[in-house]
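This report concerns only the one structure given below.
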Amino acid sequence: MSSNRNESFGKSLVLSLLPVIVGTLIFGMFIESYKSDLNFRADIMKEYYMPLINKERECGNISNKLSYDFTQKVGLYTELSNRYNSIKDGSGPRLTDEYKSYLTSLLKNSSEFNENSNKHSAALSLCRQELKQIFVNIGLVTGTITKFHYYNQKLDESLSDIDKESEIKSSEIRKLLSTVDIDRIISELYILGDPGDKRYWSNDSNHTDQVINSTMKKLIDFFAYRSSLENRINQQYIILYKSYNPVLEKEISSRYQRSWISRVFG
């Protein structure tokens, strides 16, 4: 009889403790899952979202520098053109050694900005390739990759139209510059500024006149166009950021707001 009572008591104890044991195990699983989920959300911010924002800023800064390079070339080539014409019509200063030094510095500066534009153009191309990969990575991690492809397709369509327009103008300029002899222009510029030079009287400056007042003008217009063009391209990327970044922010924010239980049973 005592044995039966003990057995009954044992069963009752087990049955009474079972919900507590199961509840503790389930609660422990929830806690661990929540901690894991919280770490995952933190990883998204640290490893994906912040690098994305930093890369967007980096590409934007390089784009601004490239646009600035072309703007500076507009000013430099305009100054060179004006100096040539002032020497030719006699309204400018005599071509002293100091003045030659000034003109030479203008030419050196224009060369530096040519190098800068090439450097910034290459850096920008690489930056935007890296940016796209970061977009793809965070899109896959957050489950928003379809949205990214949608907005990126719109970007590609806009850039394709801009590229076609740019290539036409670039081709025209390349063809125009193929006829320019820079060394001859510099030589004639210095001869023109020194009436004592015997070559001055027999110099045929038609070539230089045409380059300075026709070709260079078109080149200046092209540099202004390229500066404006880069701003337009950058604006298309900004449209992508403004369209897709809020999608990411909403998804990441919702992960912080929703609990593990509500996502499973909600």
Side-chain angles (χ1 to χ4, degrees), residues 22-70 115-163 166 226-266:
V22 172
T24 301
L25 289 173
I26 293 175
F27 182 72
M29 290 171 58
F30 283 172
I31 291 297
E32 290 303 315
S33 295
Y34 175 76
K35 286 163 61 178
S36 177
D37 207 40
L38 188 63
N39 290 335
F40 180 65
R41 294 194 295 265
D43 287 343
I44 289 177
M45 289 294 295
K46 180 181 178 181
E47 298 181 17
Y48 295 94
Y49 186 70
M50 291 312 300
L52 172 67
I53 298 302
N54 291 334
K55 185 61 69 173
E56 287 175 354
R57 289 172 180 164
E58 179 187 346
C59 294
N61 288 336
I62 298 174
S63 175
N64 290 335
K65 289 178 181 177
L66 180 58
S67 178
Y68 176 79
D69 291 338
F70 286 112
E115 292 177 2
N116 285 344
S117 63
N118 291 335
K119 179 184 71 175
H120 289 144
S121 181
L124 185 57
S125 177
L126 177 60
C127 186
R128 285 172 173 163
Q129 289 175 24
E130 294 172 343
L131 176 62
K132 182 175 182 180
Q133 187 59 56
I134 295 175
F135 270 125
V136 170
N137 292 345
I138 195 172
L140 291 171
V141 168
T142 59
T144 60
I145 191 66
T146 301
K147 284 283 189 180
F148 168 70
H149 285 315
Y150 172 76
Y151 291 120
N152 189 63
Q153 179 63 31
K154 288 183 173 296
L155 171 66
D156 287 343
E157 289 170 359
S158 299
L159 295 182
S160 178
D161 291 338
I162 292 175
D163 286 343
S166 175
R226 281 294 284 112
S227 178
S228 173
L229 180 73
E230 184 52 46
N231 288 331
R232 286 169 55 194
I233 293 173
N234 193 45
Q235 194 60 39
Q236 296 305 311
Y237 277 92
I238 291 174
I239 291 173
L240 170 65
Y241 307 157
K242 288 184 176 180
S243 299
Y244 181 57
N245 283 16
V247 174
L248 288 174
E249 291 163 3
K250 182 179 179 181
E251 174 60 27
I252 295 172
S253 177
S254 69
R255 288 170 181 262
Y256 279 96
Q257 293 170 356
R258 293 177 300 181
S259 68
W260 188 90
I261 298 176
S262 68
R263 289 208 306 280
V264 174
F265 299 104

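Heavy-atom basis, side chains included; hydrogens, waters and symmetry copies ignored. Residue indices begin at 1 and follow the sequence shown.
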**OP:** Could you tell me which non-hydrogen atom of I62 sits nearest to which non-hydrogen atom of H120, and how far apart they are?
**Re:** CG2-O, 3.4 Å

**OP:** Can you sort out the partners of Y244 under side-chain hydrogen bond (donor to acceptor under 3.5 Å, both in side chains), two or more places apart, ordered by chain and number?
**Re:** T144

Subject >> Contact check, side chains of N245 and E56, non-hydrogen atoms, under 4.5 Å >> reply: yes

**OP:** Look at atom OH of Y237 and say whether more than 12 heavy atoms of other residues, nucleotides or ligands are closer to it than 6.0 Å.
**Re:** yes

Subject >> side chain to side chain contact (heavy atoms under 4.5 Å, CB included) partners for F70, two or more places apart >> reply: L66, K73, S117, F223, R226, S227

Original post:
Can you find a pair of side-chain heavy atoms, one from Q153 and one from E157, that are under 4.5 Å apart?
Top reply: yes

**OP:** Can you sort out the partners of Q236 under side chain to side chain contact (heavy atoms under 4.5 Å, CB included), two or more places apart, ordered by chain and number?
**Re:** L155, S158, L159, I162, I239

Original post:
When rounded to the nearest 0.5 angstrom, what is the spacing between CD1 in I53 and OH in Y241?
Top reply: 9.5 Å

Original post:
Who passes side chain to side chain contact (heavy atoms under 4.5 Å, CB included) against Y150, sequence neighbours left out?
Top reply: K154

Would you be so kind as to tabulate the donor-acceptor pairs closer than 3.5 Å made by side chains of residues 123-140, with sequence neighbours excluded?
residue : atom : partner : partner atom : Å
R128    : NH2  : E230    : OE2          : 3.1
E130    : OE1  : K55     : NZ           : 2.7
Q133    : NE2  : N137    : OD1          : 3.0
N137    : ND2  : Q133    : O            : 3.4

Subject >> CG on N54 to SG on C59, rounded to 0.5 Å >> reply: 11.0 Å

**OP:** Start with the C-alpha distance between Y48 and I252, add both sets of side-chain angles, then the distance that settles side-chain contact (heavy atoms from CB on, under 4.5 Å), and finish with yes or no.
**Re:** CA-CA 11 Å; Y48 295 94; I252 295 172; over 6 Å; no

Subject >> D156: partners by side chain to side chain contact (heavy atoms under 4.5 Å, CB included), with sequence neighbours left out >> reply: N152

Subject >> Value rounded to 0.5 Å, distance of OG1 in T142 from OH in Y49 >> reply: 11.0 Å

